[in-house]
Colleague: 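One structure is given below, represented as structure tokens, and several questions about it will come after.
Whatever order the structure lists ligands and atoms in, that order sets their numbers, starting from 1.
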Amino acid sequence: MFGFLQKVGDYTKDAVGAANYITQGLSVTFDHLRRRPITVQYPYEKLIPSERYRGRIHYEFDKCISCEVCVRVCPINLPVVDWVMNKETKKKELKNYSIDFGVCIFCGNCVEYCPTNCLSMTEEYELAAFDRHSLNYDNVALGRLPTSVTSDPAVVPLRELAYLPKGEMDPHGVDPTRARAGKLPEQVQAEMAAAAAQTAEKA
Ligand code: SF4
Ligand code: SF4
């Protein structure tokens, strides 16, 4: 009899303990409902990509010298540089240039190594298409002006976390004129120059 009562007592204690933990957990869960959801309401709101964001590649036909460096540094030798040798001028003549964005991994190697800077990364990332062949951009498509989140009147641009003012965690309602947290590159350079000058004085 005593053993049975002991078991009932233990069971009740465990049940009360479990109910206690569940109540604590639920109170934390319900507390989250009181907070404003930090959700980007795409496509009406969009985050502004960072300065070094690697979006769709932009290409300038007039600057390209058909050197094919972009092909050699590409992990999959992707850019197609279509040129012929002009025997009269003894120079390469560029006919066409294309990059297939269905295959590109947006590593940016081609942009880094292009000697004439005719390739650049844009902030355009909405490239979805119904037909994979339409992702193969020729030099005309690559030369198009990229779309921009900040210039689209139908979109509310939101700053990414690293671009928010000090102490802000939510991009909603942040005054766009407020400076981002951290120092500007010129401030860091000035500090480094001042520190170097001090060291030189001491020596
Ligand atoms: S971004 Fe990378 S994968 Fe795409 S074409 Fe350039 S080098 Fe090749
Ligand atoms: S590296 Fe630049 S200049 Fe050379 S072929 Fe590629 S895009 Fe043209």
Colleague: With distance as the sole test, does S134 use its side chain to make a donor-acceptor pair with the main-chain N or O of F130 at under 3.5 Å?
Modeller: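 It does not hold such a pair.
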Colleague: For the residue pair R180 and Y163, would you count it as a cation-pi contact if the rule is NZ or CZ under 6.0 angstrom from the ring centre and within 45 degrees of the ring axis?
Modeller: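 Yes.
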Colleague: Considering only protein heavy atoms, which is closest to atom 2 (Fe) of ligand 1, and at what distance to one decimal place?
Modeller: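 Looking at atom 2 (Fe) of ligand 1, the protein heavy atom closest to it is C107 SG, 2.3 Å.
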Colleague: Which atoms of ligand 2 sit under 4.0 Å from any heavy atom of P115?
Modeller: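 Counting from 1, the qualifying ligand atoms are 1 (S).
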Colleague: Could you tell me if any non-hydrogen atom of N77 lies under 4.0 Å from any atom of ligand 1?
Modeller: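 It does not, in that no heavy atom of N77 comes within the 4.0 Å cut-off of ligand 1.
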Colleague: When you look at R144 and E124, which way does the salt bridge (charged side-chain N to carboxylate O under 4.0 Å, His left out) test go after all the steps?
Modeller: CA-CA 11 Å; R144 261 194 359 241; E124 192 178 329; 3.7 Å; yes
Colleague: Counting backbone and side-chain atoms alike, is an N, O or S atom of C110 positioned under 2.8 Å from atom 8 (Fe) of ligand 1?
Modeller: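 Coordinating: no.
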Colleague: Treating N139 as the side-chain partner and Y97 as the backbone partner, does any N or O pair qualify as donor plus acceptor under 3.5 Å?
Modeller: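 Yes.
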Colleague: Measure distances from atom 8 (Fe) of ligand 2 and count the protein N, O or S atoms below 2.8 Å.
Modeller: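 Step by step: take atom 8 (Fe) of ligand 2, keep protein N, O, S below 2.8 Å, and you get 1.
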Colleague: Any sub-3.5 Å donor-acceptor pair from K92's side-chain atoms to S66's backbone N or O?
Modeller: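 Checking the backbone N and O of S66 against the side chain of K92, a donor-acceptor pair under 3.5 Å is found.
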Colleague: Taking 4.0 angstrom as the limit and counting only heavy atoms of I57, give me the atoms of ligand 1 inside it, by number and element.
Modeller: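 What qualifies from ligand 1 is 1 (S), 6 (Fe).
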Colleague: Show every salt bridge (charged side-chain N to carboxylate O under 4.0 Å, His left out) that has at least one partner inside residues 12-36, sequence neighbours left out.
Modeller: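 Applying salt bridge (charged side-chain N to carboxylate O under 4.0 Å, His left out) to every pair that reaches into residues 12-36, excluding sequence neighbours, yields D31-R34, D31-R35.
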Colleague: Could you tell me the residue and atom name of the protein heavy atom closest to atom 8 (Fe) of ligand 1, and the distance to it rounded to 0.1 Å?
Modeller: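 It is C74 SG, 2.3 Å.
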Colleague: Give a yes or no on whether the backbone of C74 and the side-chain of N109 come within a donor-acceptor separation of less than 3.5 Å.
Modeller: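 Side chain of N109 to backbone of C74, a donor-acceptor pair under 3.5 Å: no, none is there.
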Colleague: Please write down residue, atom name and distance for the protein heavy atom closest to atom 3 (S) of ligand 1.
Modeller: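 So the nearest neighbour among protein heavy atoms is I105 N, 3.4 Å.
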Colleague: Is the NZ atom of K63 crowded by more than 12 outside heavy atoms at less than 6.0 Å?
Modeller: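 Enclosed.
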Colleague: For atom 1 (S) of ligand 1, what is the nearest protein heavy atom, given as residue, atom name and distance?
Modeller: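 Ranked first by proximity to atom 1 (S) of ligand 1 is G108 N, 3.2 Å.
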Colleague: With no hydrogens and no angle check, is any side-chain donor or acceptor of E168 less than 3.5 Å from a backbone partner on P165?
Modeller: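 A pair under 3.5 Å: no.
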Colleague: Look up atom CG in D170 and atom NE2 in H172, then write down how far apart they are to the nearest 0.5 Å.
Modeller: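 Result: 6.0 Å between the selected atoms.
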Colleague: Among all protein non-hydrogen atoms, which one is nearest to atom 4 (Fe) of ligand 1, and what is the separation to 0.1 Å?
Modeller: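 The answer is C104 SG, 2.3 Å.
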